[in-house]
Structures are given as C-alpha cells and as structure tokens.
Amino acid sequence: MADYYEKRQYERYDYTTSVHLYRYENPEQYTPAVLGNYSSGGLYLETDNELEVGQQVYVKIENHDPAAGNFETYDQYTGYVRWSSELGTSQPGGQYGYGIEYSEAVTY
C-alpha cells in the first residue's frame with residue numbers, strides 16, 4: 001500500500017512564516033495565521049479562525065521579502081479551503097489547520 005505522501009500531485013516544501021488570512025467576502029478584516037508548508041498546488045496554514053470548506057480566501061505574507069525566493073516570490077495568494085482539521089488549543093499556530101488550493105496555478 002502506497003504511503004499517502006507518495007500520492008500527492010505536487011512536492012511539499014516546509015516553510016514557516018506569519019501570514020494574514022482574509023475571507024474573500026470581507027477583505028478589510030484579517031486574522032493572523034501561520035503558514036506550515038506550500039506546493040505548486042496550494043498551502044497549509046494554522047489559525048484560530050474557523051473557516052468552511054469551499055470558502056474563498058486570500059493569504060498575504062506579513063513581512064514579504066521577494067529576495068527570499070520560493071514561497072515569497074509572490075506577496076499574496078488566492079484560493080479555496082479544500083479541507084480542514086481541528087487541532088485543539090495547544091498548537092502554536094492555532095486550533096485549526098487548513099489546506100488551501102490556489103485558485104490560479106503557481107510555479108516554483
């Protein structure tokens with residue numbers, strides 16, 4: 001039986017940074033979140049804010065540094081919540097983990 005990670009379409013890259021998470025319907029208000037990893041298909045983040053699967057969001061890098069390369073090539077990403085996981089309250093990034101699928105293709 002193949003390991004779950006072997007079935008992924010894109011290679012994941014661990015990368016931790018602070019981001020601002022915006023609900024697409026309310027672009028004036030953000031919640032802090034922590035990015036955990038990214039790929040050409042999407043990203044994983046943790047936050048205290050509860051989101052719904054299918055909800056459109058955008059993620060803006062808090063201290064964007066284009067010279068850092070890789071994930072920070074772009075200062076923000078738009079996508080949809082594809083899955084969620086309740087983590088509990090002891091997690092450093094927040095109590096919910098989310099898989100965000102980009103709404104437009106991203107190449108690294």
Side-chain angles (χ1 to χ4, degrees):
M1 181 175 197
D3 187 287
Y4 174 76
Y5 296 103
E6 294 175 16
K7 296 180 183 179
R8 289 187 168 164
Q9 184 176 359
Y10 302 103
E11 183 176 354
R12 293 249 169 221
Y13 303 98
D14 290 333
Y15 190 83
T16 302
T17 192
S18 296
V19 297
H20 293 165
L21 174 65
Y22 296 83
R23 295 172 187 261
Y24 214 75
E25 68 274 3
N26 189 3
E28 301 298 319
Q29 185 177 10
Y30 73 88
T31 187
V34 176
L35 178 85
N37 65 51
Y38 70 94
S39 74
S40 291
L43 54 90
Y44 170 78
L45 56 81
E46 295 178 0
T47 183
D48 289 333
N49 198 331
E50 191 170 3
L51 302 171
E52 294 181 26
V53 172
Q55 185 171 19
Q56 190 171 16
V57 296
Y58 69 96
V59 177
K60 185 169 177 72
I61 300 173
E62 193 170 324
N63 296 307
H64 179 248
D65 179 8
N70 295 328
F71 183 74
E72 292 202 30
T73 299
Y74 308 101
D75 67 340
Q76 67 182 19
Y77 296 85
T78 303
Y80 295 90
V81 177
R82 287 297 167 223
W83 59 266
S84 67
S85 177
E86 194 166 339
L87 303 174
T89 57
S90 63
Q91 297 297 320
Q95 61 187 28
Y96 301 99
Y98 295 103
I100 309 295
E101 181 180 4
Y102 302 134
S103 57
E104 295 182 21
V106 175
T107 304
Y108 295 106

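The environment of CD in E25 is crowded: more than 12 heavy-atom neighbours from other residues, nucleotides or ligands sit within 6.0 Å.
Shown here are the side-chain hydrogen bond (donor to acceptor under 3.5 Å, both in side chains) partners of Q76, two or more places apart in sequence or in another chain: there are none. With sequence neighbours excluded, the residues forming a side-chain contact (heavy atoms from CB on, under 4.5 Å) with N26 are E28, Q29, listed by chain and number. Here N63 pairs with nothing under the side-chain hydrogen bond (donor to acceptor under 3.5 Å, both in side chains) rule; sequence neighbours left out. Remark: H20 engages Y30 in a ring-ring contact (aromatic ring centres under 6.0 Å, His included) (not counting sequence neighbours). Looking at residues two or more places apart in sequence or on another chain, you find a side-chain contact (heavy atoms from CB on, under 4.5 Å) between E50 and Y96, Y98. Partners of Y15 according to the side-chain contact (heavy atoms from CB on, under 4.5 Å) rule, which considers only residues two or more places apart in sequence or in another chain, are T17, L35, Y38, A68, F71, E72.
Tracing side-chain contacts under 4.5 Å through hydrophobic residues (I, L, V, M, F, W, Y), one reaches Y102 starting from L21; they form part of the same cluster. Connection of Y10 to V106 is not established within any shared hydrophobic cluster, with ILVMFWY side chains joined at heavy-atom distances below 4.5 Å, either directly or through further cluster members. Linking ILVMFWY residues whenever their side-chain heavy atoms come closer than 4.5 Å, directly or via other members, places Y74 and V59 in the same cluster. In this structure, I61 is a member of the same hydrophobic cluster as Y13, with clusters built from ILVMFWY side-chain heavy atoms closer than 4.5 Å.
Summarising the geometry of T47 relative to A33, their closest heavy-atom pair is CB-CB, 3.8 Å, with the distance given to 0.1 Å. Of all non-hydrogen atoms in S39 and E11, the two that sit nearest each other are CB-O, 3.2 Å. When all heavy atoms of Q56 and T78 are compared, the closest pair comes out as NE2-CG2, 3.7 Å. Taking all atoms of both residues into account, the shortest heavy-atom contact from R82 to G54 is NH1-CA, 4.4 Å. D48 and Q95 get closest at one heavy-atom pair: OD1-N, 3.2 Å.
Taking the six-membered ring where tryptophan is involved, the planes of Y22 and Y58 are essentially parallel, since the angle between them stays under 30° and well short of 60°.
To the nearest 0.5 angstrom, R23 atom CZ is 5.0 Å from L51 atom CG.
When V34, V57, I100 are each tested for a side-chain contact (heavy atoms from CB on, under 4.5 Å) with L45, only one passes: I100.
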